Amino acid sequence: MNIHRINTSLAMILRMLIRRKIVLILILLIPTVFLSIVEFTSAERVIHFQLASVGDQVFIDMPEKSISFIFFSVASAGFLVSFLALNLIQKNHNANKRLVLCGYHPLELLTSILLVLLLTILFISVYIGLLTIAFTPVDHPVSFTLSLALIGFVYGSYGLAVGSLVKGELEAILLIVLLVNIDVGWLQNPIFYAAAQNQILIEFLPAYFPSQASIVKAFTNYSAVSASLYALLYGMIFLIISMLIFFYKMRTK
Amino acid sequence: MILKLENIYKSYSKKPVLKEVSLQLEAGTLTGIVGENGSGKSTLMRIIAGDISANRGKVHKNGKTGYCPQEAILFPEITVQEHFRYFSAAYNIEAEVLNVRVEELLDHFNYRKYYNTRVNNLSGGTRQKLNLSIALLHEPELLILDEPYNGFDWDTYLKFWDYTKDLKEKGCSILVVSHLINEKKKFDRIYKLENGTLK
């Protein structure tokens, strides 16, 4: 591991990411549009929502609008980080391979990519956290922001895994949009989840623990440690899969 | 011996592309490989460069290798200068040496004015100059060039041959692959890749 190489690669990957117009447009638009839609369309009726990660009999009663703000901030953080992670690992695959042929170790490149992903997760979670707080009051802003970082980590790792596995850009984007829509956008939606059959199935999806952690920290004083640990575990599984595929594809022959 | 290939065999979906290809290159030589489109030239180059592996056979290399792929494999969002910096880190080139090398390559291939231009704003010919310069940056002992003068204008084409002549005199072994080789006199040896074998 050569620190100079990692620093150089980190600087270059960050530059490339920032110079892609679509990245800045999506970061600016997605959370703003999602939260504005909630502001203009959600009702004030109270929803009886089960915090299954805390306990079987733990319910909270919150207005649909407040809970939707949290839910949509989680969805936008998950989608954004997943898309950016995909971009990081897939966009310059051949040029990265050339760097490896010229002397870079795949681990040095991967370390730089993961550091950029970490910075991206931190930036997006703080940005969406602040934006959400501007729309609705949150009980524990710092912990809530950390829960957004958790969904970023889980879905960022998923984006890396998809980007490592799938060669085509469109196919990879479809896989991300599909899971984000079904998982974060639909099944974890409190309005659906509150009355869903087979909730056990929903609990096995990647966004379950980060969603639970974000609702817990936004509106209650319950601990979200257990949900956060499970979320980290989920993210680590995706991360390990993506690292193994990346190494396999990047190794020199 | 700079490069030795022993009985290289490669197939795609059970269809053989290279059959028992053997080749040896010595220092200070210029060797050409010609062949029709789809004859397996680029596959052979990628095997030598270490990009893909052969199903059977051995590749022995001595010394630093420079590889210029057929397509310009670059990062669209960063500049020419940033490419030199990025690839110099890969090659472990010291800053002072890098500056000298970059100056020399920019002047020789005449694209200094694009030094701070991002690759996605460069013409195909200038991208190819950068593609080639990256392969030359660390003064390799073995240079593998896959259709290296694609997109070059006449002046750059001539400069390319001047550069290879200098490299050869310094002891570099150069392997050029092309579907068409006009400058036959410049080569020490030219092979034809046909039906998966070198002739």
Side-chain angles (χ1 to χ4, degrees), chain A residues 1-27 84 86-113 115-116 120 163 167 169 246-253, chain B residues 8 10 43 45-59 61 64-79 81-95 98 116-121 127 130-131 133-138 140 142 144 146:
Chain A
M1 289 278 271
N2 181 320
I3 299 297
H4 170 62
R5 279 189 188 152
I6 294 172
N7 284 340
T8 307
S9 184
L10 179 68
M12 295 301 166
I13 295 170
L14 268 175
R15 278 173 209 204
M16 287 186 252
L17 195 65
I18 291 165
R19 286 174 187 174
R20 281 177 207 141
K21 283 181 191 154
I22 187 71
V23 168
L24 298 177
I25 291 169
L26 286 179
I27 289 177
L84 296 179
L86 172 72
N87 248 263
L88 284 174
I89 206 133
Q90 195 193 44
K91 198 85 180 170
N92 291 309
H93 175 82
N94 289 337
N96 282 334
K97 185 74 192 280
R98 189 173 186 185
L99 280 172
V100 171
L101 290 176
C102 292
Y104 257 93
H105 192 283
L107 194 61
E108 292 163 347
L109 274 183
L110 191 63
T111 305
S112 321
I113 290 171
L115 286 171
V116 173
T120 309
K167 210 173 178 182
E169 197 176 358
F246 184 84
F247 273 111
Y248 179 76
K249 287 191 170 176
M250 281 291 158
R251 77 197 194 286
T252 50
K253 276 77 180 184
Chain B
I8 298 294
K10 177 73 180 174
T43 299
M45 293 300 99
R46 291 177 68 194
I47 289 170
I48 298 171
D51 189 15
I52 55 171
S53 55
N55 300 112
R56 287 199 304 270
K58 282 181 182 170
V59 179
K61 284 187 278 186
K64 295 179 284 183
T65 305
Y67 171 49
C68 175
Q70 185 175 8
E71 302 287 330
I73 297 179
L74 304 164
F75 296 96
E77 291 93 0
I78 58 174
T79 65
Q81 183 247 332
E82 287 162 345
H83 270 85
F84 284 129
R85 206 181 122 202
Y86 208 172
F87 279 89
S88 72
Y91 291 133
N92 263 334
I93 303 175
E94 298 287 323
L98 175 69
N116 289 311
T117 307
R118 291 184 200 171
V119 163
N120 52 12
N121 294 326
R127 283 181 200 197
L130 178 59
N131 193 34
S133 299
I134 288 169
L136 297 168
L137 194 60
H138 60 315
L142 169 64
I144 306 159
D146 193 351

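Lettering follows sequence order; numbering is per chain, from 1. Note that the structure is a prediction, hence the values are computed from the model and not measured.
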Exercise for the section: Calculate, to the nearest 0.5 Å, the distance between atoms OG1 and CZ belonging to B:Thr79 and A:Arg15 respectively. Expected result: 7.5 Å
Exercise for the section: Please name the pair of heavy atoms, one in A:Asn92 and one in B:Leu74, separated by the smallest distance, quoted to 0.1 Å. Expected result: OD1-O, 4.5 Å
Handout entry: A:Tyr104-B:Phe87 aromatic ring centre distance below 6.0 Å
Key = no
Practice task
Report yes or no: does A:Arg98 contribute a side-chain atom to a donor-acceptor pair with the main-chain N or O of B:Tyr67 at less than 3.5 Å?
Solution key: yes
Completion exercise
Highest number of heavy-atom pairs under 4.5 Å with chain B among A:Glu108, A:Lys91, A:His105, A:Met16 belongs to A:Met16
Completion exercise
Here the pair of heavy atoms bringing B:Asn92 nearest to A:Asn2 is OD1-ND2, 3.6 Å
Exercise for the section: Find the distance between SG (A:Cys102) and CG (B:Leu137) and round it off to the nearest 0.5 Å. Expected result: 9.0 Å
Fill in the blank from the handout: Taking every heavy atom of B:Arg85 against every heavy atom of A:Thr8, the minimum-distance pair comes out as O-CG2, 4.0 Å
Handout entry: Neighbour count >12 (heavy atoms, 6.0 Å) for atom CD, B:Glu71
Key = no
Completion exercise
So CD1 of B:Ile134 and CG of A:Leu101: to nearest 0.5 Å the spacing works out to 12.0 Å
Practice task
Report yes if the side chains of B:Tyr86 and A:Ile13 come closer than 4.5 Å at any heavy-atom pair, otherwise no.
Solution key: yes
Exercise for the section: With a 4.5 Å cut-off on heavy-atom pairs, point out which of B:Ile78, B:Thr65, B:Asn120 contacts chain A the most. Expected result: B:Ile78
Problem - Toward chain A, the part of B:Arg46 with a non-hydrogen atom under 4.5 Å - result: neither
Completion exercise
Rounding to 0.5 Å, atoms CG (A:Asn94) and CG (B:Asp51) come to a distance of 8.0 Å
Fill in the blank from the handout: Nearest heavy-atom approach of A:Arg19 to B:Glu77 is NH1-O, 2.9 Å
Exercise for the section: Show the numbers, then the answer: is there a side chain to side chain contact (heavy atoms under 4.5 Å, CB included) between B:Phe75 and A:Leu99? Expected result: CA-CA 11 Å; B:Phe75 296 96; A:Leu99 280 172; 3.5 Å; yes
Handout entry: A:Arg5 (side chain) donor-acceptor with B:Ala90 (main chain) under 3.5 angstrom
Key = yes
